[in-house]
Amino acid sequence: MPAVPASEAKPARSFAVPKRKRSLLLSIWPFVALAIVQTVLAISSLHILGAMRAFSSGESQWSKGQKDATYALARYAVSGDPAAYEQFHQGLHIPMSDMQARLMLEDRGYAARPQAALLLLQGHNEPEEINALIWLTVYFKNTDSIGQLLARWEDADEPLQELQTLAGDIYSCLQTAPPTPEQKQSWLAQINGLQVQLSEAERAFNKVLGDTSRAMNKWLWSINIGIALAMLSLLMGHTWRLQRKTARAEDALDLVSERASTTLAAIGEAVITTDAAGHVMYMNRAAEELLGESLEQLVTTELVQHIHAPPSFAGSDRDTAIPLVQTAISDALQGREHPRDTIFRLYDAQYHVREVRLAFTPIGDDTGTTEAVFVLHDVSQEQSYIRELAWQATHDQLTGLVNRYEFERLLGVLLAQTKDARTPATHHAIMYLDLDQFKVINDTAGHIAGDAMLRAMSAMLQRCLRSGDTLARVGGDEFAILLTQCSFDEAKRIAEQIRDAAQNVRIQWGERSLSAGISIGLVKLAAPLASVEEVLRVADMASYGAKQRGRNNVYAYDPGVDQEIARYVGEMEWVERIKAALEGGHFCLYSQSIVALSPAADDIAGGGQHIEVQIRMRLPDGNIISPVLFIPAAERYGLMPMVDRWVVKQTLQTLAHLQKTAQTPAISCCAINLSGTSLGDERLLDFLQAQIAFYGVDPRTLCFEITETAAITHLPNAIRLVKALKAMGCRFSMDDFGAGVSSFGSLKNLPVDFLKIDGAIVADMLNEPAHRAMVDAINHLGHALGMTTIAEFASTPDIVDTLRDMGIDYAQGYAVGRPQPFSDAVATPASDQVH
Ligand SMILES: Nc1nc2c(ncn2[C@@H]2O[C@H](COP(=O)(O)OP(=O)(O)OP(=O)(O)O)[C@@H](O)[C@H]2O)c(=O)[nH]1
């Protein structure tokens with residue numbers, strides 16, 4: 001799965017739970033504190049209230065006891081009944097126990113709790129209230145209200161003790177003698193007096209107890225209400241802060257979400273969010289455009305329905321492709337990475353195919369992936385550019401065929417396979433096809449016609465091929481065919497079939513019907529041919545061989561049998577020799593006289609010598625090599641511009657020397673050949689002007705020879721060159737006129753001075769009336785256009801005489817002058833033997 005970088009693809013798994021817990025504790029701690037305070041307060045309140053209630057119920061037991069005691073004592077004093085005395089003691093025991101308990105607690109504090117509790121129990125206090133009683137007495141004795149309460153309790157101590165003493169006295173008296181009525185009256189009065197004191201003390205205690213209870217109540221109320229209010233205000237404050245925080249968070253969230261949706265809507269990438277099962281939950285605008293449907297239409301549908309297999313699976317049907325995409329999506333949902341360069345195919349609602357790179361980011365928590373964000377990058381355009389570029393890099397624009405580069409690659413693969421496998425190489429063959437005289441179509445009908453012819457030829461070639469064969473356009477008018485698993489005989493048959501079919505390829509161009517022959521070099525892929533370069537070189541040579549056989553031919557070459565190709569391969573060796581000659585100075589110049597056939601013509605030449613310089617190669621053994629042997633190789637392998645420049649330089653240098661030494665007769669016209677390729681070189685004019693200036697040669701002594709075909713091929717450049725050099729005083733010759741497809745119209749455009757009639761026509765004109773007529777016609781044409789005519793190959797005196805009779809101005813050939821080294825041009829006559 002492509003796409004999102006790995007870092008993006010990592011699930012967002014860090015969740016700050018402990019932090020959240022901490023912040024929760026931080027925010028609720030005031031409430032916790034208040035709740036604790038409130039609880040403590042409530043417990044304390046209950047305790048205090050319980051203790052107050054214990055005091056109250058203790059007091060009632062105390063009151064009852066003391067009253068019982070005083071009543072029983074009064075009865076005893078009157079009746080002397082021992083049962084009454086016993087009742088007195090039982091009644092007095094209650095307040096006396098309470099008193100002792102209080103005294104102990106006041107004295108020893110909480111340490112006296114066990115004994116005090118026992119005494120209080122004897123004082124008829126409720127057992128469950130005793131602890132509260134002790135607690136309040138011990139811990140609150142110093143408070144104002146409890147202090148007062150205990151003080152009032154103490155007020156009863158003295159009357160009680162006096163009552164006990166009085167009871168003792170009465171008992172003693174009654175044991176000794178019966179009391180007198182006065183004695184009884186006195187005792188009753190004392191008992192009554194003590195009873196009053198005790199009742200007052202009790203009343204005072206009850207009042208303080210009531211006051212304390214109320215105060216306590218009030219205090220507890222206030223505290224509770226205060227705490228409740230504090231909690232309420234805290235709660236309100238907290239809630240208010242929380243609300244503000246929430247509102248701020250909501251605002252921020254709204255802003256973030258608005259920003260996110262604006263950003264998502266604005267970005268060009270399609271963004272789709274799915275749930276953990278891959279159902280669409282959200283799509284931005286780009287995604288809607290990409291899928292051709294809106295979010296409303298696609299929400300809850302499965303994303304997999306809209307993404308199909310990678311283009312490499314284009315051939316497979318939908319059913320086999322879908323699992324692949326499903327795997328990719330489920331991998332994405334599980335956070336597994338996919339190769340980023342995988343490109344998926346996607347169909348929109350209208351079934352238009354888009355190619356996308358898929359990137360994903362799973363979103364999840366501790367439980368796993370809950371959602372996934374898919375980013376779909378539309379690479380359709382990019383992919384089609386890549387395909388287009390790949391096509392352009394391997395194909396020829398004009399014909400749509402495989403180009404040379406791709407052909408070489410395929411050939412290399414085939415050769416490697418042949419080497420690796422045991423498949424015999426003899427089953428393969430390569431054809432190299434070169435159209436014949438194609439230049440003529442271009443030159444006469446124009447490049448567009450030439451292009452049409454190339455297209456027609458490539459269509460014809462395609463028709464002739466078997467399936468599996470590879471056809472390529474490997475050069476301007478050159479094609480190559482790789483015939484795999486094809487016997488050499490079968491390959492020859494196909495080659496012949498192509499040659500025949502080529503003759504029937506015709507294109508209608510205006511009123512003309514254009515056609516071209518084809519020269520085919522056929523090579524069997526067999527040892528010793530091992531490399532692509534070797535195979536192509538030999539195949540090229542084979543097609544050259546076909547040309548040499550007169551064009552429109554098939555030259556079949558079996559490396560194991562045939563030797564003739566070696567001759568063409570040998571041409572390659574010339575290339576090396578030419579280069580070496582240029583570098584090592586093995587070239588030399590010869591000159592051949594061009595002789596006037598009439599006095600008038602001699603005048604035109606200006607009385608001096610008229611010569612043509614020609615190049616030769618000097619071998620290390622001293623032999624001189626004719627240009628016929630190396631010029632074709634130089635032309636074929638693009639060395640002519642260098643050769644021409646060497647000739648120009650060398651000629652000007654020699655001329656300058658001759659002019660300086662004032663040799664006679666002076667050279668009044670020196671012809672230098674310029675090849676077609678040089679003529680097409682736009683920098684040639686600058687070079688010639690610079691060289692003429694450098695050597696200081698009189699431009700009027702220079703004549704440049706150009707061929708008709710070269711001039712027509714590079715007509716604009718040729719016209720520019722001719723005009724510029726003629727303006728300097730140079731002259732021009734149209735060489736080999738009559739050899740090619742002469743376009744007399746071109747002569748009008750090129751204001752040349754000399755018309756050189758092609759030697760091939762001149763050589764046999766005495767035997768060939770047609771050639772004689774042609775020579776005559778060209779002579780007349782030249783004169784009609786104001787040109788001087790020269791006949792080449794004037795090899796015999798008869799020919800010279802005939803030419804003179806015909807009115808030709810000049811003759812060149814062995815009969816009037818053989819080529820001789822240029823430096824000897826004036827001093828010695830020509831004598832060197834030329835090979
Ligand atoms: N129309 C057209 N011409 C092209 C194209 N590429 C190269 N050429 C021309 O094709 C011609 C090839 O010429 P050559 O193969 O050297 O010569 P030729 O005239 O075919 O002669 P031979 O091969 O010797 O029979 C040249 O004139 C090129 O300018 C092209 O794409 N379209």
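Counting starts at 1 for both ligands and their atoms, following the listed order. Heavy atoms only: backbone and side chains are in, while hydrogens, waters and symmetry mates are out. One is the number of the first residue; the rest follow in order along the sequence.
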Q.
For Gln392, I'd like to know if atom CD has over 12 heavy atoms of other residues, nucleotides or ligands within 6.0 Å.
A.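 Yes, because the 6.0 Å sphere around CD of Gln392 holds more than 12 heavy atoms from other groups.
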Q. Is Met734 close to Met787 at the side-chain level, that is, under 4.5 Å between some pair of heavy atoms?
A.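 A side-chain contact is absent here, since even the closest heavy-atom pair is not under 4.5 Å.
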Q) Do the non-hydrogen side-chain atoms of Ile757 and Ile790 ever get within less than 4.5 Å of each other? A)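 Counting from C-beta outward, Ile757 and Ile790 never come under 4.5 Å.
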Q) Glu490 and Leu483: side-chain contact (heavy atoms from CB on, under 4.5 Å), yes or no, with the steps? A) CA-CA 10 Å; Glu490 172 69 358; Leu483 299 155; over 6 Å; no
Q | Phe630 six-ring face occupied by Arg577 cation (under 6.0 Å, within 45°) | A |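 No - Arg577 does not lie over the ring of Phe630 by the 6.0 Å and 45° rule.
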Q: Below 4.0 Å from any atom of ligand 1, which residues have a heavy atom? Give them in chain and number order, please.
A: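 The 4.0 Å shell around ligand 1 contains Asp434, Leu435, Asp436, Gln437, Phe438, Lys439, Asn442, His447, Gly450, Asp451, Leu454, Arg473, Gly476, Asp477, Lys547, Arg551.
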(Q) Can a donor-acceptor pair be found, under 3.5 Å and without considering hydrogens, that links the side chain of Asp644 to the backbone of Ser675? (A)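 Such a contact is found between Asp644 side chain and Ser675 backbone.
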